[in-house]
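Since we're looking at a predicted model, the values are computed, not measured. Chain A is the first sequence line, chain B the second, and so forth, proteins listed ahead of strands; every chain is numbered from 1.
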2 protein chains.
Amino acid sequence: MFKKVLIAEDHESSNISIRKALEDFGCLNNDHVYYCDDALKRINHALKTGNEYDLLITDLSFEEDEIPQTIGTGTELIKAVKELQPNIKVLVFSAESKGAIIDNLFKELNINAFVRKARRDVTELKQAFDAICNQKTYLSASLRRSIQYSNAYEFKEFDIILISLLSKGVLQKDIPTHLKAKKIKPSGLSSVEKRLNYMKEVLSFNNNEQLIAFCKDIGVI
Amino acid sequence: MFKKVLIAEDHESSNISIRKALEDFGCLNNDHVYYCDDALKRINHALKTGNEYDLLITDLSFEEDEIPQTIGTGTELIKAVKELQPNIKVLVFSAESKGAIIDNLFKELNINAFVRKARRDVTELKQAFDAICNQKTYLSASLRRSIQYSNAYEFKEFDIILISLLSKGVLQKDIPTHLKAKKIKPSGLSSVEKRLNYMKEVLSFNNNEQLIAFCKDIGVI
DNA sequence: GATATACTTACGGGAATCCGTAAAAGAAGA
DNA sequence: TCTTCTTTTACGGATTCCCGTAAGTATATC
């Protein structure tokens with residue numbers, strides 16, 4: 001069982017349901033905040049006073065309002081929290097469904113569970129609590145299949161740079177200039193062309209527009 | 001006060017929070033369903049047995065799963081319900097934030113309240129209950145101002161057809177063929193070019209890739 | 001029927017992209 | 001150091017796209 005849990009979730013309705021799920025699970029010692037900055041403060045304070053949290057439940061997207069925040073997203077929050085307290089368990093509760101993004105959370109940030117806001121989300125939350133208690137990871141049922149399959153092609157860092165530049169309105173012929181400015185290794189126009197053509201060939205796409213649409217769909221940009 | 005309320009919301013977490021908000025407001029006589037079809041059945045049955053609902057709370061988007069549904073969206077549900085029981089009050093609880101869509105709900109479907117799933121959504125739900133009880137309409141605070149402004153450019157049906165074709169990999173020069181096949185009115189290549197250029201000019205974009213990325217972001221494709 | 005207006009299509013020159021080939025530059029191993 | 005192999009860059013022709021102009025078509029008004 002968890003000794004102490006912190007909930008970071010801006011939507012009042014989700015926040016309430018998470019608390020209720022925790023209480024149903026038998027965990028009554030939980031705090032909740034509506035802003036990332038507050039979450040980090042709590043984590044920090046708890047560490048200093050010697051009664052740290054052992055689980056952080058957080059959303060990914062937090063809406064901006066009149067109160068300016070240093071940390072604006074769940075991803076940033078997790079990074080900051082893990083620097084303070086590397087051993088903390090993390091459960092992400094979000095409406096995100098793009099495989100690439102969720103995959104990255106497990107691989108890069110070592111989160112312990114991802115529950116998607118969806119039909120049976122509260123049931124899944126409790127299953128995730130259980131998994132974490134048993135030192136296992138948890139991923140929403142609806143996402144388990146589609147997590148690998150979307151990776152028909154693994155986008156390298158260079159690929160994503162090219163695609164991002166295009167989607168920001170940089171013309172293909174101007175990409176070498178941008179690459180040189182950022183000292184990125186292959187910067188010739190031919191390399192750019194070759195790489196874009198290679199991606200389209202592997203994915204059997206016909207034009208750049210289709211490539212951009214695909215990358216937006218799976219969340220790599 | 002409401003005599004009887006029906007909640008149609010597929011997300012378990014939101015469903016729970018709505019129920020809790022209703023109970024906090026003092027309304028204990030409420031039913032909840034997770035599918036539109038079930039909602040319509042309940043409305044129908046209640047009418048026949050003479051103890052009809054006086055408020056329907058519904059989401060807009062319902063996720064498909066293994067159980068096939070006749071009614072798939074909140075908008076369709078509201079239409080169907082109003083045909084059975086025109087006097088029923090309707091509160092829409094959704095993450096939707098596009099002014100055009102919400103505006104349409106009030107104008108075309110005569111809904112009584114729209115609460116956006118956001119930071120203070122439960123508080124707003126209670127304010128909306130209060131407004132409806134007093135025969136008033138309610139709209140989330142964050143949406144009251146920005147109801148028009150989000151439309152930097154209103155995409156017409158033709159625009160979306162063009163963008164969709166491109167994002168599916170159809171080359172620009174081949175678009176006229178597709179348009180003629182579907183008997184879409186302006187089908188000349190020049191018209192296609194002109195329209196794409198117009199969109200890019202209005203949005204001050206440099207290339208098609210940027211346009212595709214934008215449309216993916218705001219959800220028109 | 002003539003005219004005006006708006007919209008659609010056709011055409012052509014120039015720019016950008018596509019695509020193959022070849023030269024140049026690095027990297028690795030003997 | 002030289003050779004071999006890989007990667008990057010340079011170049012050029014074909015294709016596609018961009019963009020302005022002109023011609024065609026439809027509708028409405030008088």
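Between B/Leu179 atom CG and C/dC7 atom C1' the separation is 16 Å, expressed in whole Å. In this entry the distance linking CG of A/Leu196 with P of C/dG20 reads 15 Å, nearest Å. In this structure, A/Arg195 places its CZ atom 16 Å from P of C/dC19, rounding to the nearest Å. Following rounding to the nearest Å, A/Asn197 (CG) and D/dT16 (P) show an atom-to-atom distance of 14 Å. In this structure, the CD atom of A/Gln210 is 18 Å from the P atom of C/dT17, given to the nearest Å. Across the protein-nucleic acid pair, A/Leu165 atom CG and C/dA16 atom C1' stand 17 Å apart, rounded to whole Å. Rounded to an integer number of Å, the gap from A/Tyr198 OH to C/dC19 C1' is 17 Å. The CD1-C1' distance, from B/Ile184 to C/dT8, rounds to 15 Å in whole Å.
Screening B/Ser13, B/Ser17, B/Ser14 for a side-chain hydrogen bond (donor to acceptor under 3.5 Å, both in side chains) involving A/Ser17 leaves a single residue, B/Ser17.
Ionic pairing of B/Asp54 and B/Lys89 is not present here: no N-O contact between side-chain nitrogen and carboxylate oxygen is shorter than 4.0 angstrom.
In this structure, A/Arg144 forms a cation-pi arrangement with A/Tyr138, its terminal cationic atom sitting closer than 6.0 Å to the ring centre and no more than 45° off the ring axis.
Residue-to-nucleotide contacts include no donor-acceptor pair under 3.5 Å from the side chain of B/Glu193 to the base of D/dC17.
An OP1 or OP2 oxygen of C/dT9 is reached within less than 4.0 angstrom by a side-chain nitrogen or oxygen of B/Ser191. Listed pair A/Ser187 / D/dT8 fails the phosphate criterion, with no side-chain N or O lying under 4.0 Å from OP1 or OP2. Residue B/Ser190 has no polar side-chain atom (N or O) positioned under 4.0 Å from OP1 or OP2 of C/dT8.
Between B/Lys180 and A/Gln172, the residue anchored closer to the 5' end of DNA chain C is B/Lys180, taking for each the nucleotide with the nearest heavy atom. Comparing B/Lys200 and B/Lys194 along DNA chain D, the residue whose closest nucleotide (by nearest heavy atom) sits nearer the 5' end is B/Lys200.
At distances below 3.5 Å, not a single donor-acceptor pair connects side-chain atoms of B/Asn15 with backbone N or O atoms of B/His11.
Closest to the side chain of A/Leu171, from the set C/dC18, C/dT17, C/dT9, is C/dT17.
Ring planes of B/Phe155 and B/Phe214: tilted class, angle from 30 to 60°.
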